[in-house]
Amino acid sequence: LLAAVGSSAESSSSFRIVAGGMFGVNQWRKDEKSRGPMFTQECEEDSSTDLGEIDATRVSNLIGKIATSWPARETQNAAVICGRKSEACGTLGILSDDGLATNVLPIHICPYIEGGVEYLEESAKLQYACEQETILAFEASVAKDGKIGIIVVDPSASFEMLQIVNKIVKQKNLRNSFLPEAGPLVIAPLVDKTETWRSIFVDEFRGIYKVKSAHFARFLFNSTESSIVIAIFSIGDEVAQINSVLKDVQKATGIVGEMQLIGSGRYEWQGDDWEPSQFFLPGDYDPTGPLEQWNSQQPTGHQSVIQLITKKSELSKEGVKKLLESTLSTLGIETTTREFTGLGDGSVIVAVWSEGNVIVLYDGRLNVSINLFTYEQDPEFAKKFSNNFKKLENSLDVVLYDEMPRGYGRVVNWSNDIGARDVPHWALHLVEQVE
């Protein structure tokens, strides 16, 4: 389409809207994997090289290589959080059989909490029993081999077992008896994108060890068929050292990797008498890029995203469609609506007219999401649209109202904000330098 009108991809932009979803959609687990930003890796290497799928064995090898490439810890003893005793724990084998750790302690899930017990009457009793069983395993290992410097989460590890270990390491007296004073190296793979709790488990250590030198990092590894994120926590390692580990792992495994995220620990309070060494003014920054964006943006429309929720027990697909049609009629908009059902318990209704369009998503229960676009940048029209919806169904309340300009040239401002395109105050010094 862009080529047909004599344009190019460089002049276009795209955006995604995450709606509230719909009940009764049976492929929600599959959809969850494609929701949110899509990470890609631009490679300078020959893209014809087939690296294959990153399977369980390669995940274990990646973890083992990260553990051995990392700067030496105070102790190289490791604890591996596994799944059931009856199933394979690949990381355990890599670390112990290949001698990548001095001693390795397997932490298997307590069978009586498997699958979650939070809704059972004896939930607290079962979780406490598992906690005590895990503490005894840590104590026995430390008494025999010394403190544990590396904690690895195997892909088979369960959410319930990470909860138990997290609760244990949050207790200062237990943490100090099991782990070195300098803190452990913690590694966890996110094989499934939906299992973000693995990454959260690792990042929790930044809150446990409240020091500036703590780091939480996420490595993204890509092959031609799949990708995997590995979350890492460490203390005392410089960013350059962490980057060096990533390069070593790429070289050893042949799998392309990138530093997706890195965050430091808590900065120490400087005190009430602290004074900054320098104050920075607009003239200390180079506004060339922002000024180019300011001049390139061309707002051509107004988009509003509105979410409403009913105080009634439930709405209906027919009722939501009538609400939209009545609202359009009240505002003098002559158009027809098209309804899409069979997606789940709710529906999607679309209306297009010469001055704009609207998409209404009903989740099948209590929520209605409205995505309204008009070529005229009139915020009052969107408010009238929302108010008419509420007026026709007074049980509806607005819980989210967001509006933004749309256009091209990396637009972020409304036309009335840009005005005559005078040089903004934050770029005056740049223009003065040119003159």
Side-chain angles (χ1 to χ4, degrees), residues 54-68 70 73 75-118 126-170 174-175 178-179 184-205 219 221 228-233:
I54 304 178
D55 55 17
T57 301
R58 299 184 84 178
V59 171
S60 298
N61 287 331
L62 277 170
I63 293 172
K65 188 59 187 173
I66 290 172
T68 53
W70 213 269
R73 320 309 295 169
T75 169
Q76 289 298 107
N77 293 331
V80 180
I81 306 173
C82 303
R84 303 187 195 97
K85 287 185 179 180
S86 59
E87 65 181 347
C89 183
T91 313
L92 177 65
I94 290 290
L95 292 177
S96 56
D97 297 346
D98 294 356
L100 302 181
T102 310
N103 299 285
V104 183
L105 167 67
I107 301 291
H108 293 280
I109 184 171
C110 305
Y112 43 85
I113 69 162
E114 188 176 353
V117 295
E118 59 269 29
L126 293 172
Q127 289 183 345
Y128 179 75
C130 183
E131 183 182 334
Q132 294 304 305
E133 184 179 324
T134 306
I135 289 172
L136 289 174
F138 273 116
E139 287 177 341
S141 176
V142 171
K144 178 185 175 185
D145 303 316
K147 292 187 176 182
I148 294 166
I150 305 170
I151 298 176
V152 174
V153 179
D154 188 77
S156 64
S158 69
F159 174 79
E160 295 79 20
M161 206 58 211
L162 293 195
Q163 282 185 313
I164 295 294
V165 175
N166 175 261
K167 188 174 181 180
I168 291 172
V169 297
K170 280 186 173 179
L174 293 175
R175 179 171 72 248
F178 302 153
L179 306 177
L185 169 66
V186 186
I187 308 171
L190 282 72
V191 180
D192 188 332
K193 189 180 175 182
T194 63
E195 295 180 338
T196 53
W197 43 269
R198 295 177 181 271
S199 178
I200 294 170
F201 169 78
V202 178
D203 196 21
E204 280 281 297
F205 280 82
F219 289 170
F221 293 98
I228 181 174
V229 172
I230 296 182
I232 304 162
F233 167 84

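When all heavy atoms of L179 and I151 are compared, the pair lying nearest together is CD2-CD1, 4.1 Å. Pairing each heavy atom of G115 with each of E160, the nearest pair is C-OE2, 3.7 Å. Contact between V59 and P155 at its shortest, heavy atoms only, is CG1-CG, 3.8 Å.
Side-chain contact between I164 and E133 is absent, with no heavy atoms from C-beta onward closer than 4.5 Å. Residues L92 and D154 form no side-chain contact, since every pair of their non-hydrogen atoms from C-beta on lies 4.5 Å or further apart. F219 is not listed as a side-chain neighbour of L62, based on a closest heavy-atom distance of 4.5 Å or more. Within the 4.5 Å cutoff, no side-chain heavy atoms of V169 are placed close to those of F178. A 4.5 Å side-chain heavy-atom check between P184 and F205 finds at least one atom pair inside the cut-off. Put simply, the side chain of E131 does not reach to within 4.5 Å of the side chain of C110, judged on heavy atoms.
Without hydrogens or angle criteria, S141 side chain to A137 main chain gives no donor-acceptor distance under 3.5 Å. Formation of a donor-acceptor pair under 3.5 Å by the R84 side chain with backbone atoms of S156 is not found in this model.
Applying the 6.0 Å contact sphere to OH of Y128 captures no more than 12 heavy atoms from other residues, nucleotides or ligands.
Taken to the nearest 0.5 Å, the CD1 atom of I66 stands 11.5 Å off from the CD1 atom of I150.
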